[in-house]
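Just so it is clear, the structure is predicted and the values come from calculations on it, not from any experiment. Counting from 1, the numbers follow the sequence of the chain as shown. Only this structure's heavy atoms are used, side chains among them; waters, hydrogens and symmetry mates stay out. Ligands are counted one by one from 1 in listed order, and the atoms in each one are counted from 1 as well.
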Amino acid sequence: MKKLTILGATGSIGVSSLDVVARHANEFDVQYLSTYQNVALLFEQAQKFRPRAVAIYKEDSVHEYAQRFKEIGVEIVTGFDGVLELSRRDDVDIFVNALVGAVGLQPTLNAIKPGRRIALANKETLVLGGELVMRQARQVGAEVIPIDSEHSALLQCIVGEEAAAVQKIVLTASGGPFRERPETEFGRISVAEALNHPNWTMGPKITIDSATLMNKGLEVIEAFWLFGLAPEEIDVVVHPQSIVHSFVEFRDGSIKAQLGLPDMRVPIQYALSFPKRLAADFPRLDFSQLRDLTFEQPDYEKFRCLKLAFDALAEGGSAPAVLNASNEEAVHLFLKEMIRFDQISQIVEEALTQCPRNGRCDAATLLAADQTTREYVQSTFS
Ligand code: MG
């Protein structure tokens, strides 16, 4: 039995992770769960999976549940300190980080321990602290296994190959809901339109990131750290059907791809069972029903965020932290209808020129860059 922590248990990835766990009750045992503030769902999950403890980020949402958790023998810790405390506990084999945003970095760093597997859905962990996280993981002998569908696809293609045989990786992008919308109309895009992703059902932050293609930019940086390639060996292709989850090109010109229906339970299960595959009856891809699979170049002018992410990766140091923090704040302002959709990329671009950056990559420097950038965006645009 592998013992699990799932941070962000009540979000889209957390719920899918528990679905996978429930299908393999003899393989996985839940030890710790956390939520931001959805205590009602967390309690249901606790009743079913009986973790040792849960963390509730927003302390004021605990209320009447305190007693109910106690009755079923589940310890509660609260606040971000509570999340950090759970991330430091030792009796865990697999640490699933499904938090949203840069807040995921510190728990990941805490959880890196010898023999531990970090199953990572929180891509900001690597965007912000890729160098730090990968170095610490190597030093202590921890594994970092991606949950993100593209990176899972890449891992599935690369497994069993020599690292030097990989020439290039190509991340597929759905292109989001505005692939065919002229840029001149971007100022009028509503929150509801931007939250309506054509292929995937996800939380609000990542759905907006998919609409601006920042999500793909963050994934490029994530792939850089996971697979150790040069930035110019990482490419993006728009594939609106989201069936091919990514490609790997080898030095002999051969290309491998991983395909499947857009269902996050597949990459989640693979991250938990890797390198084994467990049986599952998830819906299958039916080639007789398959329409065209199409591929096109992304429009880097129209979707500036993708270009800015490549630029931040090339610059290195704390530039990706500035990119990420300014984007998180801009998306937050857009969701509150305080800025227009087209201002998200403008804010990120401005932050990348205005906010101080340097080449160091220790946790204190990165978190300071993150904080300074947030303050800059908040004071300038809200
Ligand atoms: Mg993805």
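- In this pair, Tyr57 and Tyr36 present their aromatic rings tilted. The plane angle is within the 30 to 60° band.
- Among residues two or more places apart in sequence or in another chain, the side chain to side chain contact (heavy atoms under 4.5 Å, CB included) test is passed with Ala53 by Tyr32, Glu75, Leu86, Arg89.
- Around the NZ atom of Lys2, the shell of radius 6.0 Å holds no more than 12 heavy atoms that belong to other residues, nucleotides or ligands.
- For Phe28 and Phe49, the ring centers are positioned 6.0 Å apart or more.
- Between Gly176 and His197 the shortest heavy-atom distance is CA-NE2, 4.2 Å.
- Below the 2.8 Å limit, the Mg ion (ligand 1) has as protein N, O or S neighbours Asp148 OD1, Glu150 OE1, Glu219 OE2.
- Other residues, nucleotides and ligands contribute at most 12 non-hydrogen atoms within 6.0 Å of the CZ atom of Arg291.
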